[in-house]
Asks: 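Provided herewith is a single structure, encoded as structure tokens, for subsequent inquiry.
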Amino acid sequence: MKVHAIETGRVAVHERQREGSGPGPFRLINTLLDRRWTDRLPIYFWVIEHPEGLIVVDTGETARVAEPGYFPRWHPYFRFGVREWVEENEEAGPSLRHLGLDPSDCRWVVMTHLHTDHAGGLGHFPDSEILVSRVELKTASGTLGKLRGFLPHRWPEWFRPRQVDFPSRPFGPFPETLELTEAGDVHLVSTPGHTLGHLSVIVEEDDAALFLAGDTSYTEELMLRGAIDGVSADTSAAALTLKRIQELAAQRPTVYLPTHDPASGERLATRRA
């Protein structure tokens, strides 16, 4: 089984998005008012070459973010909170073909959540079974979804994902998980906080567990400190999710791989837990 980290362009956000400050809605306000920008951060998605079929976790971003009007200008976050740089050849489809793989051969696409930098590449996978948590799809859809910072009007017309409900089946400290593979070595785990329906993927290898974390935190260091980002939909849930990740890492060697950590690619390559 091979696991690849693929970068689909770069993103910059306010520093207070990576580590928020203030109570309740003031966290988002403080984030948008912050004048400090991060460096350009990677937008990773993950490819698992599994004996049961090719698995993609998230789809990265689309180069269309450079088109005038692609982001809703009425939304304060897209006007003031994010900058992205994505080339067409960096999108998920061309990136997979560069590895000698084809999007049409992908069996499963697992979405950690539906923010644009994770869902922008959905259009490359019309032949795959796409999995999204039921809570996430409901939260991200329609007008309310747009207000919450999702872009449901940019999803492909054919987008009808399999909605995941998590049974009460524990994996380590996580009480709600779902096995994706018959071999039982790829698990979907409920990790709410950044979004209400956020999930992560755990790949069990002989010597370590690979934790494909989405946006549970922006770096490993922030996870270890239990630092909650500035745009989390539920800070209490986010704190509990980070605590559970820390507990998992204490129980077994865990390679923690958040989407925007510049060190995630190297940490995967070296299996540094």
Side-chain angles (χ1 to χ4, degrees), residues 4 6-9 11 43-50 52-72 75 78 82 84 86-166 178-182 186 188 190 194-201 212 214-215 259:
H4 307 273
I6 301 179
E7 188 176 321
T8 60
V11 62
I43 305 172
Y44 282 118
F45 78 100
W46 314 91
V47 180
I48 305 166
E49 295 188 59
H50 193 278
E52 295 178 27
L54 195 65
I55 306 169
V56 166
V57 180
D58 287 336
T59 66
E61 187 56 284
T62 171
R64 292 190 62 199
V65 295
E67 296 177 5
Y70 184 81
F71 289 142
H75 198 290
F78 292 109
V82 64
E84 293 185 288
V86 184
E87 301 293 334
E88 286 189 18
N89 63 0
E90 295 177 310
E91 291 186 0
S95 294
L96 279 171
R97 293 186 184 96
H98 183 72
L99 284 177
L101 304 171
D102 195 285
S104 63
D105 294 329
C106 177
R107 180 175 179 182
W108 292 299
V109 174
V110 181
M111 302 301 301
T112 64
H113 61 300
L114 290 170
H115 283 158
T116 177
D117 53 332
H118 299 254
L122 279 169
H124 293 284
F125 300 96
D127 302 316
S128 305
E129 182 178 26
I130 300 174
L131 291 82
V132 181
S133 86
R134 187 178 301 276
V135 172
E136 183 72 6
L137 186 63
K138 181 179 179 180
T139 303
S141 297
T143 301
L144 287 178
K146 293 180 183 179
L147 291 172
R148 295 182 181 116
F150 299 93
L151 300 178
H153 58 298
R154 300 301 186 193
W155 300 340
E157 291 184 4
W158 49 258
F159 183 58
R160 299 290 186 277
R162 170 183 162 191
Q163 299 181 47
V164 174
D165 294 306
F166 287 96
L178 180 71
E179 290 183 358
L180 180 62
T181 55
E182 290 185 11
V186 179
L188 312 187
S190 178
H194 180 73
T195 66
L196 297 178
H198 193 287
L199 65 83
S200 300
V201 178
L212 309 182
D215 285 353
T259 296

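Please read all numbers here as calculations on a predicted model, not as lab measurements.
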Asks: L212 and side-chain contact (heavy atoms from CB on, under 4.5 Å): which partner among T112, I55, V201?
Replies: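 Exactly one pass, corresponding to V201.
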
Asks: Take D105 and D127, measure what side-chain contact (heavy atoms from CB on, under 4.5 Å) needs, and give me the verdict at the end.
Replies: CA-CA 8 Å; D105 294 329; D127 302 316; over 6 Å; no

Asks: Evaluate the criterion side-chain contact (heavy atoms from CB on, under 4.5 Å) for residue pair V56 and V110; output intermediate values, then yes/no.
Replies: CA-CA 6 Å; V56 166; V110 181; over 6 Å; no

Asks: Hey, is the main chain of Y70 close enough, under 3.5 Å, to the side chain of R64 for a donor-acceptor pair?
Replies: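 Answer holds: no.
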
Asks: Using atom types as modelled and distance alone, determine if a side-chain donor or acceptor of H75 lies under 3.5 Å from a backbone N or O of L147.
Replies: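 Indeed, once roles are kept as given, a pair shorter than 3.5 Å links the two residues.
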
Asks: Considering all heavy atoms of both residues, which atom of A63 and which atom of E88 are nearest to each other, and what is their separation?
Replies: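 Smallest heavy-atom distance, with atoms named: CB-N, 3.7 Å.
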
Asks: Would you check if there is a donor-acceptor pair between the side chains of H4 and E49 at a distance under 3.5 Å?
Replies: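 Side chains of E49 and H4: pair found under 3.5 Å.
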
Asks: Looking only at heavy atoms, which two atoms of L122 and W158 are closest? And how far apart?
Replies: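 For L122 and W158, the tightest heavy-atom pair comes out as O-CH2, 3.3 Å.
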
Asks: Assess whether side-chain contact (heavy atoms from CB on, under 4.5 Å) is satisfied between M111 and T59, documenting all intermediate values.
Replies: CA-CA 8 Å; M111 302 301 301; T59 66; 3.9 Å; yes

Asks: State whether the side chain of S128 and the backbone N or O of C106 hold a donor-acceptor pair below 3.5 Å, judged by distance alone.
Replies: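 Yes: the side chain of S128 pairs with the backbone of C106.
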
Asks: May I ask you to decide if S133's main-chain N or O and E136's side chain share a donor-acceptor pair within less than 3.5 Å?
Replies: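 Not a single qualifying donor-acceptor pair exists.
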
Asks: Would Y44 and I6 count as a side-chain contact (heavy atoms from CB on, under 4.5 Å) here? Give the steps.
Replies: CA-CA 5 Å; Y44 282 118; I6 301 179; 5.9 Å; no

Asks: Do side-chain atoms of T259 reach the backbone of I43 as a donor and acceptor pair under 3.5 angstrom?
Replies: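 A pair under 3.5 Å: no.
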
Asks: Is it true that a side-chain atom of S190 and a backbone atom of L199 form a donor plus acceptor pair closer than 3.5 Å?
Replies: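 Flag not set: sc S190 to bb L199 has no pair under 3.5 Å.
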
Asks: Within the distance-only criterion (no hydrogens, no angle test), does the side chain of R148 pair as donor or acceptor with the backbone N or O of T139 below 3.5 angstrom?
Replies: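 Looks like yes, one N/O pair under 3.5 Å.
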
Asks: Can any side-chain N or O of H50 pair as donor or acceptor with the backbone N or O of E52 at less than 3.5 Å?
Replies: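 Side chain of H50 to backbone of E52, a donor-acceptor pair under 3.5 Å: yes, one is there.
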
Asks: Between the side chain of H198 and the main-chain N/O of D215, is any donor-acceptor distance below 3.5 Å?
Replies: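 Here the side-chain-to-backbone pair exists.
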
Asks: Donor-acceptor pair, D58 side chain versus G60 backbone, under 3.5 Å?
Replies: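 Flag not set: sc D58 to bb G60 has no pair under 3.5 Å.
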
